[in-house]
Amino acid sequence: MSISAMFFYALSAAVLVSAVLSVTSRNIFRSAIFLLFSLISIAGIYFWMNYEFIAAVQTIVYVGGIVVLIIFSIFLTQQAGVSLPAPMKGRMIYAALASIAGFVLVVMQLLAHPFKVDNSVVASRGIKDIGHGLLETGANGYVLPFELVSILLLAAMIGCIVIALKPNSTTA
Amino acid sequence: MNMFTQAVWIPLLPFLSFLLLGFFGKYLKGTTAGWLATVFLLGAAAISFNIAYEYFFLFGKDANGVYQTIVPLKMTWLQFAGGLSIDMGLLIDPIAVMMLVVVTFISLMVHLYSLGYMKGEERFSTYYAYLGLFTFSMLGLVLSVNLFQIYIFWELVGVSSFLLIGFYFDRASAIAAAKKAFIVTRFADLGFLIGILVLSSAAGTLDFQTLIQRLTDSTGEGLHTATATGFLGVSALTWGLLLIFMGGAGKSAMFPLHIWLPDAMEGPTPVSALIHAATMVVAGVYLVARLFGIFAFSAPGAMEVVAWVGAISSLFAAVIACTQTDIKRVLAYSTMSQIGYMMFALGVSGGSGEAVDGFTAANFHLFTHAMFKALLFLGAGMVIHAVHSNELKDMGGLRKQLPVTHLTFLIACLAIAGVPPFAGFFSKEAILHAAHLTHPAIYWIGIITAALTAFYMFRLYFGIFHGATSSHHGDSHHHGHEGDFFQKLPLILLGVASMTAGFIPFGNFVSFSGRPVELHTDLAFSILPVSLSLVGILIAAWFYRKPSEMPDKVAGFFGSVFTAARQKFYIDEIYLFITRKIIFKLIAAPAAWFDRSIIDGTVNTFGVAAQTGSESISDLQTGKVQSYAAWFVGATLLLIIVFIYFIH
Amino acid sequence: MNEVPLSHFLILSTALFFIGVFGFLSRRNLVTILMSLELILNSVNINFIAFNQYLWPGKMDGLFFTLFIIAIAAAEAAVAIAIILHLYRHYRSIDAEDVDTLRF
């Protein structure tokens, strides 16, 4: 096994372990930090696969945006240091069983499926290509989803403000 | 002949009046609504008389001098596969024209008469709207070009009759009578409808002309199939005609479907004159006359049934009429008896030769009877208004008080009794002559009925206008109270008609073949019926002119027969027994049980199952997101497993 | 890089996905439920990237889908947190068990 492959397995292990810790930790703040580690490890996997742009976006949006947002909301809604109430036992067992069963099922399926791996082409995926692809109007262009997503983000922004706005004391 | 398309206005004018009064009648004050309807009807009557003139005297005959059947208007309403269609149209032939004249004339008289008679009535405009509806339906019936159209108008006539009988709907007896009339005639119409289906499936058409042509053509295929197939040994054609006759018998109050007619007298008296004397009740006769060709040529068996039902009804009703004390009921039974006359006149006539005169005679009698029977009813209305009672015992000595009514009533009585030269004499002679030729037994029944008719009519006449002045109306309060001019005018007009209608050379106009026929007025032949009628009149005079004990003695002599006749031979009780004890108990009750427990039970079980089922699973709706997600994940996994491993 | 087979990526993403599912079903705090959701979305992203890399290396569709998913995830997270804050104001709690008024 080459060094490169070991890197991948190490990153994968980091992703999974921190994810598991994130969903099991009783301290919500720790939970968020483990999520942060998990997401950073995923960004590492993208780096490892030479998808630098995606890795960068992952880091910026998830780590810099979403996780910070989550931590922010934790501060707003929770006293720090107070541990979460224990999950209900029956629900937990059911969730574990369902997850494991689903995992086994999917893995069995994907191991049985013959994927046709294509080694013939080595594509260039520089930032320039991505920019062209995103704004291209031709057959492989993604300009329409790009615009849609921008509208979605705008709508989400306005929606957040409306929802989270403290109700006016006169109207509430 | 396009000039006959104007006939479409004859039914439409009363219909317009119905719509107008039905929608806006409540805004009209006083007798305005009545005048409006009368003007409309005057228009319809004018058109009918014009058509009658044009048809009979100018354009009706073809090159050979035969009255032809004209269809000035016909449009397809419903088209079925196989060339069968339901049309709406107008049909003009001698009997239709004659009926147009009768219906519009009598209806006009009744409209005029009701102006005074119904004055002050709270639902005055409604009354006139109903009259318009009835007149429209009856005229539509007369002008129908096919069996289905006639059926539609037939039912409309039934509805308007129902509405008019139940006009005084605050009286329980009127409601019961209206219901009875509707149910009995509706029951009969069930037979009519089946008969229509039988005939139309045999002939492949509903159109009268085509139907008659196909079912009388002895080489035709329609007649062959209709006579070849049968049920209980009787051919399909005869069954069809008998079922149609059942409908006709229901409307025309033939025995044993007559029970509704006496009760129908609960309606206003002018209505009785219009519907239950002159027009609607002769619809059965008209129907048989319409299909006369098929009856006469292809189903002599059905003809025989028509003849005997008519004969039995006429005698039966005459006997009952002698014992009733309610004057309107007497008139009702008399109507039934006279319609029986018309029926058997149709029934005894054959398809050809002299025997066919019965057809003309029946229509002649229909015509004259409409005049004098309407007159009798309108006169009875006058009497009832003066006395405020229907009972014969409350009347007497009214001839001074009601001179016009007295005179016209007398004319009508003489006419119905068949005394020459009044109208009834001629038509009755023609009928008896026709019966004499082919059915001697029916001829004798007719003779006896004629004598009884004379007796009971003059029993009424003497009971009302002669005899002791009853205490009931002895007070001077009603003195000189005989209605206004517009109430007397119809009486006078109808009286004139009753005197002169007999001199119309009816055979020239209405005959089965369309060629003129000579109706027999043989002096030697007339002696027996006329003298018997005179005997009847004399006996009535002897019994009722002065108070005497003879009626009671005679009643005592007949004993139980008299009582039975007085109780209308217990026909109503028999019907009640059959419906209550047999149909309700043995058919309706089990059916109701089946409906309630099996059908409703099944439906309710589904309902209850759905309810309990949904109640039991409603706990699943917890409102908790995670439990939904848990179900969702579990079910998705399950589906994946099922689809991948079990379904291929 | 090619010595790691495609299936290992897929196993990784599957594992991450079901960890997310487990978290979604078992956690009671709405914020942690949101975190589990992020894990699920990331597992999908890994799948897209892996498929793009191994099966259609000449194209960039998987890459773009990942980009869009990240953008949508950001929007979703923002809206979700707004909702959570609102619920907190209303119920004084962000326990998913307490938020159950939307029922029969």
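Convention: sequence-line order gives letters A, B, ...; per-chain numbering from 1.
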[X] atom [atom1]: more than 12 heavy-atom contacts under 6.0 Å:
X: A:Phe103; atom1: CZ; result: yes
X: B:Met88; atom1: CE; result: yes
X: A:Phe115; atom1: CZ; result: yes

Which pair of non-hydrogen atoms, one from B:Val633 and one from A:Ala98, has the smallest distance, and what is that distance?
CG1-CB, 4.3 Å
Output every pair passing side-chain hydrogen bond (donor to acceptor under 3.5 Å, both in side chains) with a member in residues 167-183 of chain B, not counting sequence neighbours, ordered by first then second residue.
B:Arg171-B:Glu266, B:Ser173-B:Glu266, B:Lys180-B:Asp263, B:Lys180-B:Asp572
Expected list for residues 12-23 of chain B: side-chain donor-acceptor pairs under 3.5 angstrom, two or more places apart:
none

Set of residues satisfying ring-ring contact (aromatic ring centres under 6.0 Å, His included) with respect to B:Phe40, sequence neighbours excluded:
none
Chain B to chain A donor-acceptor contacts, backbone plus side chain, under 3.5 Å:
residue: B:Ala630; atom: O; partner: A:Tyr94; partner atom: OH; Å: 2.7
residue: B:Gly634; atom: N; partner: A:Tyr94; partner atom: OH; Å: 3.4
residue: B:Tyr645; atom: OH; partner: A:Gln109; partner atom: NE2; Å: 3.2

